[in-house]
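By convention here, the first residue in the shown sequence is residue 1. Counting starts at 1 for both ligands and their atoms, in listed order. This structure is a prediction, so every number in the text was calculated from the model and none was measured.
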Amino acid sequence: MSVENKQITKKILITGASKGIGKAIAQRAAEEGHDLILTARNSLELAGLKTEIQHQAKHLQVDIFPSDLSTREGTKKLIEHMVQHHKDLDVLVNNAGIFTPGLIQNGSEEDFELMMQVNFYAVFHLTRGLLPAMISRSKGQIINICSIAGQDPYPRAGLYSITKFAMQGFSRCLRDELKDKGIKVTTVYPGATWSNSWSGADLPESRIMQASDVAECVISSIRLSDSAVLEELVLRPQLGDLP
Ligand SMILES: NC(=O)c1ccc[n+]([C@@H]2O[C@H](COP(=O)([O-])OP(=O)(O)OC[C@H]3O[C@@H](n4cnc5c(N)ncnc54)[C@H](OP(=O)(O)O)[C@@H]3O)[C@@H](O)[C@H]2O)c1
């Protein structure tokens, strides 16, 4: 007997939706007919993406909510907006993140603290803020866009790696906590993917992944039936990691 995997419209919040991987996930989710809440700091870029999506699919609900996740206040405002307007959220994609190279021995403490704030603390607080509604509905999915730098030390970027190791720990513990509550937790570990971080890199386009490759996998995880969860997903460029 096959369990039918019906295509159901879901409501998805994507952080860092204005560029790179987050934008690709938003575009792919819109193609699948999902309603979206999109957040990042730049409201003009969010508005442009909303126009683009609704040009393709007028019936989709697209709510844009600019927020700065480097501050507790920004994260709190986003949680309040979600609790007030989107208690029926199905999927939270914790994607917003920043990358600044730097070593533990001499890298900038300010850069590290900012990365911890956006890459980890915002994820921690936002998830906790939105979990009660998911728990009360006994359904939902949390997708954490981590990094291969959260599995192994990343060359010349120990400070960034720490933030992604923290996310890995958070995500795996959360998966364990939410197993029996009907809520899925998916951790995605992408390798190098074309985005802002790579602008100016002297590389052939085929050397690293496209954001759409990561988006495709994220959307596949959303399509699984209620009885299965894609726990962890590692994606790498076909030629492997950059040296
Ligand atoms: N690209 C890669 O090679 C790669 C590899 C592995 C993992 N990742 C991870 O994938 C995620 C997305 O990376 P990406 O390369 O697609 O990044 P990106 O192109 O630089 O986009 C980052 C997104 O996060 C938002 N953002 C940055 N700072 C923010 C803040 N303080 N508050 C709210 N939003 C903020 C940005 O919008 P605003 O600037 O408008 O705020 C943008 O929408 C990150 O978590 C990253 O660590 C990336």
Side-chain angles (χ1 to χ4, degrees), residues 13-28 36-50 64-79 81 92-101 110-111 113-127 143-157 159-168 170-171 186-201 203 205 207-215 217-218 232-237 240-242:
L13 167 61
I14 304 167
T15 70
S18 60
K19 299 186 189 86
I21 293 172
K23 183 175 182 181
I25 295 170
Q27 289 167 324
R28 191 66 191 82
L36 300 169
I37 305 106
L38 307 176
T39 186
R41 287 167 303 178
N42 189 318
S43 53
L44 282 179
E45 285 179 349
L46 290 174
L49 180 57
K50 175 176 174 166
I64 55 174
F65 189 83
S67 59
D68 183 353
L69 299 178
S70 71
T71 68
R72 278 300 296 274
E73 192 52 30
T75 310
K76 190 165 162 259
K77 281 191 183 144
L78 176 60
I79 294 168
H81 176 77
L92 162 63
V93 184
N94 282 312
N95 165 77
I98 46 178
F99 171 85
T100 311
E110 277 170 24
D111 286 351
E113 283 167 18
L114 184 61
M115 280 194 285
M116 274 306 278
Q117 188 57 48
V118 178
N119 298 2
F120 178 66
Y121 284 116
V123 172
F124 174 80
H125 291 297
L126 180 61
T127 305
I143 302 176
N144 294 321
I145 308 298
C146 194
S147 167
I148 52 155
Q151 294 189 312
D152 291 298
Y154 199 70
R156 299 171 292 282
L159 298 180
Y160 172 76
S161 271
I162 293 172
T163 70
K164 293 296 186 176
F165 269 90
M167 189 191 227
Q168 183 199 160
F170 166 78
S171 205
T186 299
T187 318
V188 183
Y189 300 93
T193 308
W194 281 114
S195 71
N196 270 4
S197 322
W198 294 96
S199 61
L203 290 170
E205 188 162 333
R207 178 60 185 87
I208 65 177
M209 294 183 292
Q210 299 295 323
S212 56
D213 291 320
V214 182
C217 295
V218 167
E232 305 203 60
L233 185 65
V234 183
L235 288 118
R236 282 201 151 82
D241 292 335
L242 292 166

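Remark: L38 CG to K23 NZ distance equals 11.0 Å, nearest 0.5 Å.
For T187, the side-chain hydrogen bond (donor to acceptor under 3.5 Å, both in side chains) test picks out S171, with sequence neighbours left out. Checked against side chain to side chain contact (heavy atoms under 4.5 Å, CB included), S212 has the following partners two or more places apart in sequence or in another chain: Q210.
Screening F99, F120, F165 for a ring-ring contact (aromatic ring centres under 6.0 Å, His included) with Y160, the sole residue that qualifies is F99.
Ligand 1 is surrounded by G16, A17, S18, K19, G20, I21, A40, R41, N42, S67, D68, L69, S70, N95, A96, G97, I98, V118, I145, C146, S147, Y160, K164, P190, G191, A192, T193, S195, N196, S197, W198, each with at least one heavy atom closer than 4.0 Å.
Residue pairs satisfying the side-chain hydrogen bond (donor to acceptor under 3.5 Å, both in side chains) criterion with at least one member in residues 117-127, sequence neighbours excluded, are listed as follows: R72-H125, N94-T127, N119-T163.
Here the closest heavy-atom approach between residue A149 and residue S161 is recorded as O-OG, 3.0 Å.
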